[in-house]
Amino acid sequence: MPVSVPEPHPRPRAEVVIDLAAIRHNVSILARCAAQSGAGTMAVVKADGYGHGAVDVAIAALQAGAGALGVCSVDEALELRHSGIDAPVLAWLHAPGEDLAAGIAAGVDLGIYSVDQLDTAAAAAYLVGQPARVHLKVDTGLTRGGAYRSQWPGLVHAAATASDRGCVEVVAVWSHLAHADDPGHPIIEKQVRYFDEAYQVARDAGLRPLRHLANSAATLTRPDLHYDMVRPGIAVYGLSPVPGTDYRLAPAMTLRSQVAMLKRVPPGEGVSYGHVWHTDRETTLALVPAGYADGVPRVLTGRLDVWLGGRRRPVVGRVCMDQVMVDCGDDPVAIGDEVIFFGAGANGAPTAAEWADKLGTIHYEVVAGMVRPRLARTVLNRQLAAPSPVLDQQRAAR
Ligand SMILES: *Cc1c(COP(=O)(O)O)cnc(C)c1O
């Protein structure tokens with residue numbers, strides 16, 4: 001008798017699904033919003049695109065109207081360059097010893113916070129034989145990166161001198177807000193006042209830089225702070241930058257798995273390690289092969305729902321390294337059924353924002369943490385880039 005080998009199920013055990021159509025939708029909202037005040041859009045794709053995949057997100061963002069990309073490190077910028085992305089890229093936080101020369105040679109703009117860093121960039125530019133394009137960061141009140149008020153005039157004058165000598169090109173003056181998610185906060189006005197003063201110091205030194213300040217929240221709530229360019233991150237991924245406010249953004253990431261086995265269990269059974277949960281009736285339990293090694297936090301034991309078979313259902317018992325159990329009651333659930341841990345949230349399904357609330361963190365951390373060796377990644381709706389704008393126009397005309 002021939003042995004029949006079961007077809008492999010096409011769905012991985014646990015996977016992150018990224019919908020690039022959602023990314024394009026979100027970026028087009030942001031870019032339109034920025035364009036209304038004459039500003040360009042730099043899509044922020046640091047930390048592997050907040051866990052969504054930097055290269056895919058960057059390409060989708062550029063297709064949808066972003067004109068530039070923002071990342072943290074030169075290495076992140078080089079990943080984009082090595083993928084053939086030639087749009088302007090700004091890398092804004094450098095650790096001592098990082099290879100700024102490689103960034104300069106690849107045409108990456110550098111965020112610069114101090115005279116020391118400026119000197120390092122100028123020396124690297126001299127070796128490369130090409131000026132460093134720098135964005136001078138002023139600390140206007142976040143009290144994190146950037147030149148403090150007392151350090152700003154020194155940085156500006158060093159930059160003006162280096163610019164005269166051709167080692168650097170001062171592209172922009174920029175800063176970052178401390179309370180952007182609270183659009184009426186008085187600290188914002190204080191930061192804007194310092195920002196405008198800092199810009200004037202640069203102008204007085206003979207520089208004519210661009211200005212950028214707004215993250216996602218300020219992009220959507222404070223058009224008066226768009227300046228020449230906005231730097232949205234979280235909104236690109238479809239997550240609301242202002243808690244509780246809906247901007248018609250589409251969450252781009254879904255964490256999903258599938259039912260691997262089912263069992264019918266009587267009342268009174270302890271379930272999973274430590275028996276922290278017992279069945280209180282006869283019920284069907286589904287085994288789902290995704291656990292804390294796949295990004296499902298063990299600390300959410302007893303507090304987690306999944307979307308399975310058209311409704312929310314509780315994860316019961318301890319979250320384990322490789323698996324969880326889901327209580328399905330008497331419903332007809334089948335092996336291979338899709339299990340959504342979080343996603344776009346249609347019909348009240350769980351979202352990354354809900355996880356963040358339960359975890360006492362922000363959705364930024366939830367999605368950025370979904371980069372794990374065992375998690376499969378599936379990217380939906382990649383769009384072929386037109387080989388040239390002319391072809392694009394011809395296609396649109398047809
Ligand atoms: C991460 C980051 C952003 C994007 O912030 P969101 O709140 O995600 O929009 C913008 N600017 C800087 C300097 C950042 O570090």
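Counting convention: from 1, in listed order, for ligands and their atoms alike.
The stretch residues 200-240 participates, sequence neighbours left out, in these ring pair (Phe, Tyr, Trp, His ring centres under 6.0 Å) pairs: Tyr50-Tyr237, His52-Tyr237, His135-His212, Trp174-His212, Phe195-Tyr227. Among residue pairs with one or both ends in residues 318-330, those qualifying as side-chain hydrogen bond (donor to acceptor under 3.5 Å, both in side chains) are Arg264-Asp330, Arg281-Asp327, Thr283-Asp327, Asp322-Arg374; sequence neighbours excluded. For residues 142-153, the pairs satisfying side-chain hydrogen bond (donor to acceptor under 3.5 Å, both in side chains) are Arg149-Tyr194, with sequence neighbours left out.
Taking the six-membered ring for Trp and thresholds of 30 and 60 degrees, His179 and His185 have nearly parallel ring planes, at less than 30 degrees apart.
Between Arg256 and Glu15, at least one side-chain N (NZ, or NE/NH1/NH2) sits under 4.0 Å from a carboxylate O, which counts as a salt bridge.
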Considering only N or O atoms, set out every pair between ligand 1 and the protein closer than 3.5 Å, with distances to one decimal place.
| residue | atom | partner | partner atom | Å |
| --- | --- | --- | --- | --- |
| ligand 1 | 7 (O) | Tyr364 | OH | 2.6 |
| ligand 1 | 8 (O) | Tyr50 | OH | 2.6 |
| ligand 1 | 8 (O) | Ile234 | N | 2.8 |
| ligand 1 | 9 (O) | Ser216 | N | 2.7 |
| ligand 1 | 9 (O) | Ser216 | OG | 2.5 |
| ligand 1 | 9 (O) | Gly233 | N | 2.8 |
| ligand 1 | 11 (N) | Arg231 | NE | 2.9 |
| ligand 1 | 11 (N) | Arg231 | NH2 | 3.3 |
| ligand 1 | 15 (O) | Lys46 | NZ | 2.7 |

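A distance of 8.0 Å separates OG in Ser240 from CG in Leu220, rounded to the nearest 0.5 Å.
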